[in-house]
2 protein chains.
Amino acid sequence: MDAVFKALADESRRSILDHLYTQGGKTLGELCEPFAQIMSRQAVMKHLRILEDAHLITTVWSGREKKHYLNPVPIHAIETRWIRKFEKQRIDALSALKSALEGTDTKGKKNA
Amino acid sequence: MDAVFKALADESRRSILDHLYTQGGKTLGELCEPFAQIMSRQAVMKHLRILEDAHLITTVWSGREKKHYLNPVPIHAIETRWIRKFEKQRIDALSALKSALEGTDTKGKKNA
DNA sequence: TTGACATGTAACCTTTTAGTTACATATAAT
DNA sequence: ATTATATGTAACTAAAAGGTTACATGTCAA
């Protein structure tokens, strides 16, 4: 579990997960695009390695291309560690209320 | 949000959250006890500061004592970032099945 | 088979982080 | 008032993390 939290600690890696959440099956090359002029391909690859080791992403080889997919299971495990079932509903209601007051739609909400 | 992930990246801090999850309202001194002979009071205080800055804990002063409480809201936000509603049920069912097969009780489950 | 493309590995550098020790402040008790 | 208790701050050190460049391997296409 330590690997999961360590992996999520970096903004670039969270951004990668965001991209895979939007659309799965992306290759290293495709995942590099948003980071062009920010960091090298090798740097992105290091991040992918860390995410994969933490089982936050799953990969499938297709010829010389490696496709990446988000795995939500370890993320879900984070919540179940510190939040009791009865609390979930209260918090969900709370954030829904907050969104409503802010005039934002929960479904289309952009995350920080 | 970055502060939250950074805060959760450290095992000692997660352990502190575990203690506050079990029982809230603990003082710095009390939170130090499990770490005696592992790290200094000042080190624990640094961790508490980081957790507080990330709003993962809330504090209340009572005389010269500072009481600490777990705040589950930012933890819940992690899940909503990368997990769609319809997926939650599937994952919950999956981990319940896994627990059943392992012969462990979900309610009394110890986390890694 | 040769060259281009896609991914992988290694050595190195810089910044961040987790911990320490020493000193400081504030509240409670005698 | 004085002392003990509880928490806070600062300077420093060692290790970990994120990034770079250079080199290596494997697959596709002409």
Side-chain angles (χ1 to χ4, degrees), chain A residues 1-20 23-71 74, chain B residues 1-20 23-71 74:
Chain A
M1 209 62 222
D2 183 67
V4 174
F5 289 105
K6 287 267 163 55
L8 292 175
D10 185 84
E11 169 59 41
S12 304
R13 286 194 288 269
R14 293 196 299 272
S15 175
I16 290 173
L17 292 184
D18 286 340
H19 285 102
L20 293 179
Q23 193 195 348
K26 295 195 171 173
T27 67
L28 167 60
E30 290 169 331
L31 288 168
C32 279
E33 287 169 18
F35 297 100
Q37 293 148 354
I38 295 173
M39 70 175 79
S40 68
R41 174 185 59 81
Q42 285 88 337
V44 174
M45 202 165 60
K46 272 192 176 184
H47 287 308
L48 289 174
R49 172 71 188 275
I50 290 169
L51 289 168
E52 198 175 348
D53 287 349
H55 301 105
L56 280 163
I57 60 179
T58 307
T59 60
V60 178
W61 276 99
S62 166
R64 61 180 167 181
E65 288 185 336
K66 194 179 186 179
K67 298 187 173 176
H68 300 75
Y69 298 90
L70 174 63
N71 176 21
Chain B
M1 208 61 219
D2 182 67
V4 174
F5 290 105
K6 287 266 163 56
L8 292 175
D10 185 85
E11 169 60 39
S12 303
R13 286 194 288 269
R14 295 196 299 274
S15 175
I16 290 174
L17 292 184
D18 286 339
H19 284 103
L20 293 178
Q23 193 195 349
K26 294 195 173 176
T27 66
L28 167 61
E30 289 169 332
L31 288 168
C32 278
E33 287 169 18
F35 296 99
Q37 293 148 352
I38 296 173
M39 70 176 78
S40 68
R41 175 185 59 82
Q42 285 89 336
V44 174
M45 202 164 61
K46 272 194 176 183
H47 286 308
L48 290 174
R49 172 70 187 278
I50 290 169
L51 289 168
E52 197 175 349
D53 287 349
H55 301 106
L56 281 163
I57 60 177
T58 308
T59 59
V60 179
W61 276 99
S62 167
R64 63 179 165 182
E65 287 185 336
K66 194 178 186 180
K67 297 186 175 177
H68 300 75
Y69 297 90
L70 174 63
N71 177 21

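Remember, predicted model here, so these are calculated numbers, not experimental data. As a basis for the values below, the full set of heavy atoms in this structure was taken, side chains included, without hydrogen atoms, waters or symmetry mates.
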Working note: L8(B) + L8(A), criterion side chain to side chain contact (heavy atoms under 4.5 Å, CB included); need CA distance, chi angles, decisive distance, verdict. CA-CA 9 Å; L8(B) 292 175; L8(A) 292 175; over 6 Å; no
Interatomic distance, K6(A) NZ vs dG18(D) C1' [rounded to whole Å]: 14 Å
How close or far is atom C1' of dT17(C) from atom CG of D53(B), stated in whole angstroms? 15 Å
Check whether any side-chain N or O of R41(A) sits under 4.0 Å from OP1 or OP2 of dT21(D), and answer yes or no. no
What does I38(A) touch in the nucleic acid at a heavy-atom separation under 4.0 angstrom: a base, only the sugar-phosphate, or nothing? sugar-phosphate
Approximate separation, where rounding is to 0.5 Å, of L56(B) CG and L70(B) CG: 7.5 Å
Reckon K46(A) touches a base, only the sugar-phosphate, or nothing at all at heavy-atom distances under 4.0 Å? base
Between dG8(D) and K66(B), is there an OP1 or OP2 to side-chain N/O distance shorter than 4.0 Å? yes
note: L28(B), atom CG; dG8(D), atom P; distance rounded to Å ~ 7 Å
Could you say whether H68(B) or S12(A) is positioned toward the 5' end of DNA chain D, judged by the nucleotide with the nearest heavy atom to each? H68(B)
From CD1 of I50(A) across to C1' of dG19(D) the rounded distance in Å is 11 Å
So for R64(A) and dG8(C), does any side-chain atom that can act as donor or acceptor lie under 3.5 Å from a complementary atom in the base? no
With a cut-off of less than 4.0 Å, is there a side-chain N or O of S40(A) near OP1 or OP2 of dG19(D)? no
Between S62(A) and M39(A), which is nearer to the 5' end of DNA chain D once each is assigned its nearest nucleotide? M39(A)
The reported gap from NZ in K66(A) to CG in L28(A) (rounded to nearest 0.5 angstrom) is 8.5 Å
Of the options dT20(D), dT7(D), dA18(C), whose atoms approach the side-chain atoms of A43(A) most closely? dT20(D)
Distance in angstrom units between M45(A) CE and dC23(D) P, rounded: 16 Å
Spacing between R49(B) atom CZ and dA6(D) atom C1', to the nearest angstrom: 18 Å
Would you mind reading off the distance between E11(B) atom CD and dA17(D) atom P, rounded to a whole angstrom? 14 Å
Check this for me, if you would: do E52(B) and R49(B) make a salt bridge, where the nitrogen-to-carboxylate-oxygen distance has to be below 4.0 angstrom? no
In whole angstroms, the gap separating C1' of dA6(C) from CD of Q42(A) amounts to 12 Å
Checking the side chain of R14(A) only, and the main-chain atoms of A9(A) only, is there a donor and an acceptor separated by less than 3.5 Å? yes
